[in-house]
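Quick note on labels: first sequence line is chain A, next is B, and so on, each numbered from 1.
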Number of protein chains: 4
Amino acid sequence: MSTFGKHFRVTTYGESHCRSVGCIVDGVPPGLALSEKDIQPQLTRRRPGQSALTTPRNEADAVAIQSGIEDGVTLGTPIGMVVLNKDHRPKDYSETDIYPRPSHADYTYVEKYGVKASSGGGRSSARETIGRVAAGAIADKVLKLAHGIEIVAFVSGVGNILMDRDPSNPEFIDLLSTISRQEVDAAGPIRCPDESIADKMVKLVETCRDNHDSVGGVVTCVIRNVPIGLGEPVFDKFEAELAHAMMSIPATKGFEIGSGFAGTAMLGSKHNDAFIAGNDGRLRTKTNYSGGIQGGISNGENIYFSVAFKPPATISKPQDTASYQGVDGTLAARGRHDPNVVPRAVPIVEAMASIVVLDLLLAQNARSSLAGLAE
Amino acid sequence: MSTFGKHFRVTTYGESHCRSVGCIVDGVPPGLALSEKDIQPQLTRRRPGQSALTTPRNEADAVAIQSGIEDGVTLGTPIGMVVLNKDHRPKDYSETDIYPRPSHADYTYVEKYGVKASSGGGRSSARETIGRVAAGAIADKVLKLAHGIEIVAFVSGVGNILMDRDPSNPEFIDLLSTISRQEVDAAGPIRCPDESIADKMVKLVETCRDNHDSVGGVVTCVIRNVPIGLGEPVFDKFEAELAHAMMSIPATKGFEIGSGFAGTAMLGSKHNDAFIAGNDGRLRTKTNYSGGIQGGISNGENIYFSVAFKPPATISKPQDTASYQGVDGTLAARGRHDPNVVPRAVPIVEAMASIVVLDLLLAQNARSSLAGLAE
Amino acid sequence: MSTFGKHFRVTTYGESHCRSVGCIVDGVPPGLALSEKDIQPQLTRRRPGQSALTTPRNEADAVAIQSGIEDGVTLGTPIGMVVLNKDHRPKDYSETDIYPRPSHADYTYVEKYGVKASSGGGRSSARETIGRVAAGAIADKVLKLAHGIEIVAFVSGVGNILMDRDPSNPEFIDLLSTISRQEVDAAGPIRCPDESIADKMVKLVETCRDNHDSVGGVVTCVIRNVPIGLGEPVFDKFEAELAHAMMSIPATKGFEIGSGFAGTAMLGSKHNDAFIAGNDGRLRTKTNYSGGIQGGISNGENIYFSVAFKPPATISKPQDTASYQGVDGTLAARGRHDPNVVPRAVPIVEAMASIVVLDLLLAQNARSSLAGLAE
Amino acid sequence: MSTFGKHFRVTTYGESHCRSVGCIVDGVPPGLALSEKDIQPQLTRRRPGQSALTTPRNEADAVAIQSGIEDGVTLGTPIGMVVLNKDHRPKDYSETDIYPRPSHADYTYVEKYGVKASSGGGRSSARETIGRVAAGAIADKVLKLAHGIEIVAFVSGVGNILMDRDPSNPEFIDLLSTISRQEVDAAGPIRCPDESIADKMVKLVETCRDNHDSVGGVVTCVIRNVPIGLGEPVFDKFEAELAHAMMSIPATKGFEIGSGFAGTAMLGSKHNDAFIAGNDGRLRTKTNYSGGIQGGISNGENIYFSVAFKPPATISKPQDTASYQGVDGTLAARGRHDPNVVPRAVPIVEAMASIVVLDLLLAQNARSSLAGLAE
């Protein structure tokens with residue numbers, strides 16, 4: 001449904017063509033300095049129309065906090081947030097009344113709910129993610145202040161142009177340790193921190209745009225400074241919660257943590273992360289194929305994972321398909337569409353990661369508060 | 001924590017060295033013919049020691065139903081199930097008292113809970129999965145009777161030996177439509193239905209065993225005959241629930257649905273699954289890159305996904321690592337260990353998939369029961 | 001926290017002095033004709049300033065639906081609703097900065113959250129209940145259309161003036177079978193359907209008002225036409241869910257179902273509700289001490305329960321108390337306050353009852369959909 | 001369903017005539033010394049056959065811990081517990097195959113689940129409460145060690161023989177501050193600490209027994225030393241969680257906190273609990289009509305509440321009723337039955353209270369751990 005998280009919990013509402021989209025964030029720690037200024041930047045990074053590569057709409061997406069804050073400080077009560085929809089009249093989608101768009105949610109929404117929304121798959125629109133990003137920005141601030149936790153996502157693949165994200169590659173491991181959101185944005189519109197690869201990605205996206213086609217990509221994300229001990233086995237392991245969160249983002253097709261699918265081809269003797277003494281008295285690992293999680297619990301190393309995004313289903317070329325009634329026909333191309341969405345997915349991936357980490361941190365803090373009681 | 005599912009819900013308990021492992025399954029539909037005979041086969045497929053390739057222990061793992069059934073029929077009340085541990089005395093793990101095993105959960109469990117269990121990471125043992133498999137067997141039966149749903153998993157990769165699981169490959173798509181559990185088991189100990197590939201996998205595992213090393217693999221699973229409309233956007237999309245379930249299985253490193261990571265390199269015009277008229281009056285898709293899910297909701301096509309399993313962390317060769325106190329040393333090799341666990345993961349993947357599907361089916365049935373109320 | 005319900009689920013936000021209050025209602029059946037007109041009447045019944053007996057403020061409390069509806073029909077997606085706060089600047093509560101108001105939530109909120117809101121106990125304000133009433137109005141409509149379910153609450157006690165609500169009393173039982181919301185409102189400002197008792201109640205409230213004091217009361221509620229079989233033992237029995245819902249309403253001190261506390265004094269041979277044949281082929285009970293629920297499950301008889309509300313803590317006379325610093329002093333009286341809130345509690349009780357019934361109906365419909373599967 | 005609690009969570013299984021009853025307790029703090037010896041005493045207080053007043057069966061009800069403990073210390077993993085059923089063959093209930101027992105759950109269970117269990121309402125048997133009591137005993141120990149919390153219940157009413165539980169009565173308030181479980185048990189089989197009243201209660205129960213009838217009663221419970229700040233508004237207020245927990249116990253008809261229903265007749269000026277300086281620097285209240293909870297949050301005073309139990313439905317005299325087919329007839333009396341169950345309800349009420357308090361304590365500790373973060 002539309003609620004995520006147990007202790008830190010976001011509930012979202014809103015389609016593309018209704019009055020507003022928004023969310024209620026429950027479980028926000030009290031006494032936190034917070035205002036729209038903390039939230040708007042990630043919303044702005046998320047919105048479309050940021051570059052020539054993406055759809056040239058310009059939605060302001062200004063968030064208005066409704067509740068839960070007084071004198072700039074959180075009360076510990078739920079924070080309601082609203083972002084108005086600019087044009088909330090249903091658009092003229094007459095053709096999509098006849099044809100369900102291929103690989104869109106039009107057909108499955110009609111079958112599931114029995115109601116055809118003017119916008120096709122009502123909540124499958126990317127606009128739904130605004131509530132996630134707003135909630136994630138709050139979690140971000142809490143994590144930063146509490147433990148200096150840093151969460152940074154970037155584009156590591158577009159089409160067949162891929163960064164080398166092999167954990168044996170010291171450059172990749174080094175990048176994970178140092179990359180910042182500022183650097184990601186500074187790297188250009190594609191949000192890939194490797195300049196030469198980014199150039200190729202941009203060219204590929206431009207080619208797709210010129211061909212009225214689209215292409216997918218991969219977002220990689222690192223979470224630094226996570227305390228040891230987060231994750232709630234056996235069903236709510238850290239990677240399971242991350243996978244749930246990521247695979248709930250529209251257009252995702254895959255998730256991998258640490259060595260991922262490539263790790264399946266490795267020998268155990270190489271894949272095992274040997275322990276070494278750390279500077280601060282705690283154990284570290286020499287390598288990090290585990291991706292910072294062992295047995296579903298954070299081990300203090302950098303947590304990193306990647307998410308696969310399919311090519312956007314909306315393309316600017318006609319498509320042979322069938323109508324709702326099963327009659328063959330052609331869905332005509334209309335307007336211009338994003339040939340690639342992964343740069344905009346970056347803040348969404350960060351947001352969902354923030355929510356997961358804060359939720360697990362609260363769970364572990366609850367446990368720790370009563371651990372080892374002496375008789 | 002140790003509960004999974006909302007409407008059909010399993011709660012598990014048990015470590016390797018305690019009295020028993022087991023589970024409580026809540027939300028079981030009443031009036032279902034059910035006995036241990038429905039549950040034991042999958043438990044038997046799960047247990048170790050089934051072939052020369054795996055650890056030569058022979059645990060009977062006989063399940064005893066405690067409650068929820070009378071005269072062979074479910075009452076609709078919770079079903080308690082218990083599987084005794086054969087030897088519930090903690091083993092002699094003296095060396096692992098000194099060294100946390102690399103890439104095991106020993107270290108993270110101690111850090112998280114502050115208690116060192118004799119078995120290392122208490123609940124990270126594969127024995128924990130017995131409760132999942134028992135619950136999944138019940139879900140299996142319900143799904144089979146209600147909609148003829150079939151869930152079949154198989155090994156599609158061991159090390160670098162991989163089946164071609166490209167959805168453009170008609171043989172792969174055909175396999176997904178026809179493969180049965182019987183065929184998977186008949187294909188040999190590695191549970192890969194492609195005989196020539198299976199042979200290579202077996203040889204690789206044998207080499208690893210002889211080298212006292214281990215290797216990972218991939219399990220692919222198909223779910224057939226799923227009704228259209230299952231999945232609970234926006235956070236509990238079908239693929240998000242599957243990902244959560246799969247990534248909660250020990251040793252998993254990745255999840256992909258449909259085209260997965262390879263799909264990110266495709267063009268939208270190819271990746272889009274065009275609609276065609278189906279024989280039964282409903283729409284079908286010409287291709288199935290979506291993996292049977294669009295917008296987080298099943299579209300009636302086969303749902304298929306793959307799960308990456310890392311090489312087992314326990315290997316039969318000495319490992320240079322550090323002690324809990326941060327002193328460098330060598331963890332000696334002990335006994336024989338499974339060089340590869342993916343064949344045994346097959347019924348676990350099936351079980352978690354069954355639980356997810358039944359849970360989502362109940363959610364959608366609840367909704368449908370009150371949809372479209374006339375004034 | 002601020003979410004109630006599992007299948008039909010309301011999440012609320014908002015304090016007295018923030019921008020708005022509102023809610024997100026998830027799990028609304030799709031295909032339901034719905035607009036603000038369905039929701040406003042109950043909000044209007046809830047708002048203060050409706051009569052000379054209550055606070056002479058006049059808040060419009062106009063609800064604006066944000067999402068989840070198109071062309072006047074629900075989409076099955078979450079319905080966001082917002083009610084603006086007229087004056088969202090924090091009021092001048094300088095004296096309550098010094099003294100926590102006795103039997104208010106000022107003190108406990110500060111201790112729990114560590115933040116002092118200008119309005120004292122931020123979310124303990126009755127304004128919080130707007131979201132509940134809005135959600136309940138949706139549930140009301142669903143229940144009415146699906147099963148003709150009617151939920152009617154009324155004031156059965158103010159101070160020591162009490163209706164006879166003994167289930168042995170045929171007039172009371174008859175009232176439960178027939179009373180409508182229209183009749184309750186027509187009975188006058190106190191919302192007690194017994195005219196002679198209502199008069200006495202009004203006089204008592206007026207006396208309290210003139211004495212700058214307050215008085216409590218009892219709200220009784222009946223739920224008619226509930227299908228047999230609702231309620232989820234063992235922890236989520238029908239009466240347990242109702243009790244949870246009712247005791248979460250501000251100022252409640254007690255809950256009783258059927259014979260209630262008085263029933264404890266009865267003999268089993270009288271208290272037992274003997275079965276008789278009903279007209280429609282199903283069993284009925286001769287008496288209804290059970291209150292329509294047996295073993296936590298509805299039996300098809302009228303469900304009725306009562307809720308105790310304490311005298312409002314805010315009174316218009318000075319009170320000797322202590323400051324936050326523990327210094328004895330006097331909290332001066334300020335302004336006029338409601339001497340009695342039970343008439344306004346009527347729609348809140350109805351709302352929470354509606355939410356509970358719909359949630360349990362969805363749970364049971366899910367179960368029934370897969371019950372008795374034939375092999 | 002059969003799970004209660006969010007952070008500290010119990011899931012139960014079992015009917016009267018199956019192999020065993022039991023539970024899984026999740027979220028147990030790690031590092032706690034725990035064995036069957038901590039759990040058995042409350043189970044023993046719960047079991048039937050303890051005195052001449054109750055059914056003369058003698059069930060041993062010996063609990064066996066299955067998991068989650070090693071070397072006498074909790075691991076932080078789920079604790080499975082099993083209590084064998086002595087005679088798990090369904091009894092000869094042939095007559096109740098024809099007649100649903102009045103005010104029992106036989107009829108509603110058949111209607112809800114569509115399956116007739118030999119024991120009538122399968123999970124409505126008091127035997128279901130064993131899992132609750134076992135889980136509560138663990139919570140008890142945690143609360144005692146963490147904060148010296150004491151939870152003591154006693155019988156305050158049988159039939160029309162009632163202790164004076166008016167919070168204006170200093171003897172009652174004093175009793176709440178001092179009563180211990182030992183004193184409750186020492187007071188005799190009826191578990192009422194007022195000796196002269198207890199004698200009358202015993203006589204009433206004996207009369208009922210001799211008349212083959214039954215009678216109800218009231219259990220009052222006090223929770224001492226609860227930290228300020230527990231309770232999760234707005235829906236999971238402390239009293240709402242308690243009410244949910246208590247009204248889920250079989251045979252309950254009402255719940256009241258603090259002044260309860262009697263409080264509705266009071267004036268606000270008297271009912272308000274004025275603050276005074278406490279010895280330890282924190283605020284106390286002069287009176288305690290609030291019952292230790294204000295705004296849904298504990299204020300540090302004693303929390304006390306009462307629970308109404310109806311007369312047992314099973315009586316030893318024939319009852320005129322109707323068969324499942326709606327044919328009038330007489331259900332014959334069989335065997336001897338408990339004329340009153342409230343003494344046995346005492347440990348069940350304590351158990352559910354313990355679970356609620358620990359669950360809320362963990363929630364608040366999680367919040368506090370991140371409150372007031374400095375920038």
Side-chain angles (χ1 to χ4, degrees), chain B residues 5-9 24 26-35 37-38 67-68 72-78 138-149 227 229-236 295-297 357-375, chain C residues 5-9 24 26-35 37-38 67-68 72-78 138-149 227 229-236 295-297 357-375:
Chain B
K6 295 182 187 74
H7 312 267
F8 180 81
R9 203 188 280 174
I24 300 175
D26 205 359
V28 178
L32 176 76
L34 192 77
S35 74
K37 281 179 199 160
D38 294 298
S67 66
V73 172
T74 58
L75 298 172
T77 57
I138 298 176
D140 256 1
K141 186 162 188 183
V142 173
L143 295 173
K144 181 88 181 176
L145 292 177
H147 293 282
I149 293 171
L230 307 197
E232 295 293 317
V234 295
F235 291 115
D236 302 325
I297 300 166
V357 178
L358 180 49
D359 201 37
L360 293 175
L361 178 62
L362 286 163
Q364 175 62 5
N365 284 356
R367 175 181 293 103
S368 302
S369 72
L370 296 179
L373 293 170
E375 284 199 86
Chain C
K6 293 183 188 74
H7 307 259
F8 181 81
R9 202 188 282 175
I24 299 175
D26 205 359
V28 179
L32 176 76
L34 192 77
S35 75
K37 281 180 198 158
D38 295 298
S67 67
V73 172
T74 59
L75 299 171
T77 57
I138 298 176
D140 256 2
K141 186 163 188 183
V142 173
L143 295 173
K144 180 88 181 176
L145 292 176
H147 293 282
I149 292 171
L230 307 197
E232 296 293 316
V234 294
F235 291 114
D236 302 325
I297 299 166
V357 178
L358 181 49
D359 201 37
L360 293 176
L361 178 61
L362 287 162
Q364 175 62 4
N365 285 356
R367 175 181 291 102
S368 301
S369 73
L370 295 179
L373 293 170
E375 283 198 85

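- Listed here is the closest heavy atom pair of B:S369 and C:L362: OG-CD2, 4.5 Å.
- Between chain B and the residues C:N365, C:L145, C:L361, the most heavy-atom pairs under 4.5 angstrom are made by C:L145.
- Summarising the geometry, atom CG belonging to B:L34 is positioned 11.5 Å from atom CG belonging to C:L373; distances are rounded to the nearest 0.5 Å.
- Neither the backbone nor the side chain of B:K144 comes within less than 4.5 Å of any heavy atom of chain C.
- The shortest distance between side-chain heavy atoms of B:H7 and C:K6 does not fall below 4.5 Å.
- Counting heavy atoms from C-beta on, the side chains of C:R367 and B:P29 never come closer than 4.5 Å.
- If you tally non-hydrogen atom pairs under 4.5 Å between each of C:G27, C:A374, C:P233, C:P78 and chain B, the highest count goes to C:A374.
- When all heavy atoms of B:L370 and C:A146 are compared, the closest pair comes out as CD2-CB, 3.7 Å.
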